[in-house]
Number of protein chains: 2
Amino acid sequence: MLSIKFLWEIMTAKENGEMFTQLTLEIFKLSGMLNNEGDELTKEFGLTSSRWKILGASEMSESRHTVPQIARTMGQSRQAVQRLVDVMTKDGLLNLVDNPNHKRAKYVELTPKARKIFYKLFDKQIPWAEHCSEGLSHKELETTLKVITMISNKLSKE
Amino acid sequence: MLSIKFLWEIMTAKENGEMFTQLTLEIFKLSGMLNNEGDELTKEFGLTSSRWKILGASEMSESRHTVPQIARTMGQSRQAVQRLVDVMTKDGLLNLVDNPNHKRAKYVELTPKARKIFYKLFDKQIPWAEHCSEGLSHKELETTLKVITMISNKLSKE
DNA sequence: ATTTAATTGACAACATGTTGTCGCAATACT
DNA sequence: AGTATTGCGACAACATGTTGTCAATTAAAT
């Protein structure tokens, strides 16, 4: 039975699929640009986008996290985060503190030096983010965030 | 003069800025995931996400493009694209053909082998994209694509 | 309790992104 | 026309992402 409704669903799926493909390309593009922006913003503190994200993931959560936990939050491999954490520990930005629940997986903690930098960056990032979102309505941003998050969640469940 | 309207604009800017920051993190996450998805999809053809994108940028445009042109389309550095193109040329996927308008910058062209792979991938990608966009309305996807593109354009103009 | 499976850190190999430099080619300016 | 700037290919150095392996730890299953 080929009802009108069923045909419509097929058409919509096709149109959505094409738009999704386009969206994918734009996300790759924007991701690279935002990475470069982050590198610029953090340059004066001797940081990069990736290291800034590690600081954020460690500092902005309520409880302390291990390396694999940070990796899962960021949707990245354990090893990528591990290497960054190792370097940043050597640079005096992070401390690895004992985890009573696990002999190997230690907690990642910001040093006072890193915390100072992080909150300076926080202040510096606010006007930048406001500028970037100029011309976009609250509603549009909300929808975009929702859609991106939904896709992300969908892909991570498979 | 602090009108109500002006105060509202400040508040919206602040909320938008915070949402933009959140969006940035989700875009980083999704970009990485989509990259992995692309690697999976292309694996059977001996390709990767990045090389697939080069094929798409070269094949899906009306006119032929040089390496720097492809780079600008993808929002990437000339050198990153150049290296991929060099490897893919060596692998028999691309040909560099003479450009009458420029002695150095040649045109990038797909070989028949690459074209065959590309259109197989095209077919393979359609149901994948339709699956990924399930549960999202046309309107939502449209808004998302528009917002992502607007941000991308804004950043590239600075 | 013992066996089995999943998680973790360390290390390596590799893919792909960036910036930077160099010499040549194309363009713009005066 | 002549000069200055910009664009391009070829390298190189480096940052950061992936996968894969190994041994040790933790968690789960029986």
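Computation of the quantities below employed the complete heavy-atom set of this structure, encompassing side-chain atoms and omitting hydrogens, waters and symmetry-equivalent molecules. In what follows, chains are A, B, ... by sequence order, proteins preceding strands, each numbered from 1.
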Under a 4.0 Å heavy-atom cutoff, the residues of residues 46-53 of chain A touching DNA chain C are none

**Study point:** Polar side-chain atom of S152(B) near backbone of I148(B) as donor-acceptor pair, under 3.5 Å
**Key:** no

### Min side-chain heavy-atom separation E109(A)-S58(A) under 4.5 Å
no

Residue set satisfying salt bridge (Lys or Arg N to Asp or Glu O under 4.0 Å) with K146(A), at least two apart, ordered chain then number -> E140(B)

Sorted by chain and number, sequence neighbours left out, salt bridge (Lys or Arg N to Asp or Glu O under 4.0 Å) with K43(A) holds for E40(A)

Sorted by number, residues from residues 97-107 of chain A placing a heavy atom under 4.0 Å from DNA chain D are H102(A), K103(A), R104(A)

Here the distance between atom P of dA10(C) and atom CD of Q82(A), to the nearest Å, is 5 Å

Here the distance between atom C1' of dT18(C) and atom CG of L84(B), to the nearest Å, is 13 Å

Between CD1 of I70(A) and P of dT7(C) the distance, given in whole Å, is 18 Å

Side-chain donor/acceptor pairs under 3.5 Å, residues 84-91 of chain B, sequence neighbours excluded:
unit_1, atom_1, unit_2, atom_2, d
D86(B), OD1, Q82(B), NE2, 3.3
T89(B), OG1, V85(B), O, 2.7

So ring-ring contact (aromatic ring centres under 6.0 Å, His included) across residues 29-50 of chain B, not counting sequence neighbours, yields none

The helix from dA1(C)-dT30(D) to dT30(C)-dA1(D): angle between terminal helix axes, five bp per end, to the nearest 10 degrees, reads 50°

Validation row: L145(B), E26(A) side chains within 4.5 angstrom (heavy atoms):
yes

Would a distance-only check, ignoring hydrogens and angles, find a side-chain to backbone donor-acceptor pair under 3.5 Å from N95(B) to V108(B)? no

Identify each atom pair where a protein N or O and an N or O of nucleotides 19-22 of chain D are less than 3.5 Å apart, giving names and distance.
unit_1, atom_1, unit_2, atom_2, d
dG20(D), O6, Q79(A), NE2, 3.0

Result for 5'-nearest mapping on DNA chain C, choosing between G32(A) and D86(A), is D86(A)

Comparing Q69(B) with M74(A), nearest DNA chain D nucleotide closer to 5' gives the residue Q69(B)

Sorted by chain and number, sequence neighbours left out, side chain to side chain contact (heavy atoms under 4.5 Å, CB included) with E59(A) holds for L110(A), R115(A), F118(A), Y119(A)

task: State, with a plain yes or no, whether a side-chain heavy atom of T143(B) is found less than 4.5 Å away from one of V147(A).
output: no

Whole-Å distance, Q76(A) CD to dT18(D) C1', equals 10 Å

Between CG of N35(A) and P of dC14(D) the distance, given in whole Å, is 20 Å

Which of V67(B), T73(B), T66(B) passes side chain to side chain contact (heavy atoms under 4.5 Å, CB included) with V81(B)? It is V67(B)

Could you list all N or O pairs between the protein and nucleotides 2-5 of chain D that sit under 3.5 Å apart?
none

Next on the checklist: I'd like to know whether E37(B) forms a side-chain contact (heavy atoms from CB on, under 4.5 Å) with L155(A), so could you lay out the CA-CA distance, the side-chain angles of the two residues, the decisive distance to 0.1 Å, and finally the verdict.
Outcome noted: CA-CA 9 Å; E37(B) 292 281 320; L155(A) 288 179; 3.7 Å; yes

Here the distance between atom C1' of dT8(C) and atom CZ of R83(A), to the nearest Å, is 17 Å

Just so I know, are the side chains of K124(B) and E44(B) near enough to count as touching, which here means a heavy-atom distance under 4.5 Å? yes

The complete set of ring-ring contact (aromatic ring centres under 6.0 Å, His included) pairs with one or both residues in residues 51-100 of chain B, sequence neighbours excluded, reads none

Note to self: Taking the side chain as everything from C-beta on, heavy atoms only, tell me whether I126(B) gets closer than 4.5 Å to E130(B).
What the structure shows: yes

In whole angstroms, the gap separating P of dA15(D) from CE of M88(A) amounts to 14 Å

ring-ring contact (aromatic ring centres under 6.0 Å, His included) pairs touching residues 15-38 of chain B, sequence neighbours excluded, are W128(A)-F20(B)

note: K29(B), atom NZ; dT16(D), atom C1'; distance rounded to Å ~ 19 Å

